[in-house]
Number of protein chains: 2
Amino acid sequence: MATPLLTKNQTLVMDALSHSEGPMSAYTILDKLRDHGFRAPLQVYRALDKLLEYGLVHRLESLNAFVACTCPHDHEHDHGVTAFTICEGCGQVTEFHDAAIEQRLSALTRAQNFKTEKTTIEIRGHCQSCA
Amino acid sequence: MATPLLTKNQTLVMDALSHSEGPMSAYTILDKLRDHGFRAPLQVYRALDKLLEYGLVHRLESLNAFVACTCPHDHEHDHGVTAFTICEGCGQVTEFHDAAIEQRLSALTRAQNFKTEKTTIEIRGHCQSCA
DNA sequence: GCAATTGATGTAATAACATTACATAACCAC
DNA sequence: GTGGTTATGTAATGTTATTACATCAATTGC
Ligand SMILES: [Zn+2]
Ligand SMILES: [Zn+2]
Ligand SMILES: [Zn+2]
Ligand SMILES: [Zn+2]
């Protein structure tokens with residue numbers, strides 16, 4: 001599916017995430033958007049749901065936070081497995097993709113007849129600068 | 001480090017998790033242990049912190065829940081990378097370990113000079129029975 | 001045009017998950 | 001037994017996410 005045009009709220013949330021240095025929680029996004037008329041968490045969560053669905057945003061499960069996708073591609077096709085390094089020092093998040101990991105996980109899940117719907121890979125630690 | 005003897009509260013939480021079919025949230029554990037004198041979330045979170053430290057329990061980030069470790073070994077050495085399949089249908093969680101995944105992730109993080117402290121791999125989907 | 005449907009939005013209330021702060025008790029070393 | 005450390009009890013608060021219900025806008029079918 002091609003990404004549809006974003007609504008006003010979706011655009012506001014997307015812009016907030018795109019211009020952010022690092023990941024933001026839903027409530028942090030809410031605070032950033034109060035000047036633009038946001039009043040309640042649900043406005044953020046609803047926009048995030050769509051942006052996640054379109055593949056424009058990723059959720060970091062270990063942080064309860066969200067980041068804009070940094071893939072070069074146009075989001076018209078599936079991401080496959082997305083992985084992240086997350087620096088505990090500076091908060092920097094780096095998204096990466098690796099076919100070898102994907103194939104290996106696929107082989108392992110196939111072996112237990114498990115049907116994968118979503119894969120989370122998050123690596124917490126320290127980046128080069130913060131080591 | 002050898003696993004020290006567990007305190008009363010740690011034992012209660014460990015037993016609750018061990019005897020559970022699937023993962024439990026901290027508040028679910030609290031409810032199960034009210035008859036044994038538990039009154040507040042902190043009693044659960046403190047016990048969980050230690051059990052996580054000892055490697056007897058794992059936290060599932062994508063569920064905000066906890067499971068007893070199912071590794072055969074005696075927990076006297078490091079787990080390495082732990083991965084989970086999580087069935088959305090029946091809640092079944094399967095823990096597994098794979099050297100190939102571990103080595104590949106290690107190579108990828110080394111390439112970005114990232115120092116890994118904790119790796120989360122969680123695969124959501126449907127098990128054979130629930131497919 | 002106008003009813004019916006669908007998707008998006010606004011608002012309030014509540015639920016679910018986790019931590020801070022402070023006091024007390026148990027344990028161990030000396 | 002004094003002092004240091006770890007474990008515990010309790011209350012309050014902070015953070016994250018959802019439910020429920022009303023309203024509004026765009027689209028469709030007639
Ligand atoms: Zn991406
Ligand atoms: Zn850093
Ligand atoms: Zn384990
Ligand atoms: Zn299942």
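Letters A, B, ... mirror the listed sequences (proteins, then strands); counts begin at 1.
- Not one side-chain nitrogen or oxygen of Gln43(B) sits closer than 4.0 Å to the OP1 or OP2 atom of dT8(D).
- Each of Pro41(B) and Arg59(A) has a nearest nucleotide on DNA chain D; the 5'-most of these lies closest to Pro41(B).
- Nearest nucleotide to the side chain of Ala26(B), out of dT8(D), dT9(C), dA18(C): dA18(C).
- The CG-P distance, from Leu63(B) to dC17(C), rounds to 10 Å in whole Å.
- A residue-by-residue look at Gln10(A) and Ala65(B) shows that Gln10(A) has its nearest nucleotide of DNA chain C further toward the 5' end.
- Whole-Å rounding puts the Leu48(B) CG to dA7(D) P distance at 14 Å.
- Here dC17(C) presents its C1' atom at 15 Å from CG of Leu60(B), a figure rounded to the nearest Å.
- No side-chain donor-acceptor contact under 3.5 Å links Gln43(B) to the backbone of Phe38(B).
- By the 4.0 Å N-to-carboxylate-O rule, Arg59(B) lies close enough to Glu61(B) to be salt-bridged with it.
- Distance, Asn9(A) CG to dA25(D) P: 14 Å, rounded to whole Å.
- At dA7(D), one or more side-chain N or O atoms of Lys50(B) fall inside 4.0 Å of OP1 or OP2 (strictly under the cut-off).
- Side-chain proximity of Arg39(B) to the nucleotides dA7(D), dT18(D), dT10(D) is greatest for dT10(D).
- The two residues Pro41(B) and Leu30(B) make their nearest non-hydrogen contact at N-CD2, 3.8 Å.
- Not one N or O on the side chain of Arg104(B) forms a donor-acceptor pair closer than 3.5 Å with the backbone of Asp98(A).
- In this structure, of dT8(D), dA18(C), dT19(C), it is dT19(C) that holds the atom nearest to the side chain of Leu42(B).
- We find that CE of Met24(B) is positioned 16 Å from C1' of dA16(C), with the value rounded to whole Å.
- Side-chain N/O atoms of Asn64(A) include one lying less than 4.0 angstrom from OP1 or OP2 on dA17(D).
- Note: NE2 (His36(A)) to P (dT9(C)) measures 15 Å, nearest angstrom.
- In this structure, Tyr45(B) atom OH and dA21(C) atom P are separated by 18 Å, rounded to whole Å.
- With hydrogens and angles ignored, the 3.5 Å screen pairs no side-chain donor or acceptor of Thr116(A) with any backbone N or O of Lys118(A).
- Remark: Arg46(A) is not in phosphate contact with dT11(C), judged by side-chain N or O atoms under 4.0 Å from OP1 or OP2.
- OP1 and OP2 of dA16(C) both lie 4.0 Å or more from every side-chain N or O belonging to Tyr27(B).
- Regarding Asp31(A), its CG atom lies at a distance of 14 Å from the P atom of dG14(D), rounded to whole Å.
- One finds no side-chain N or O of Thr7(B) lying less than 4.0 angstrom from the OP1 or OP2 phosphate oxygen of dA7(D).
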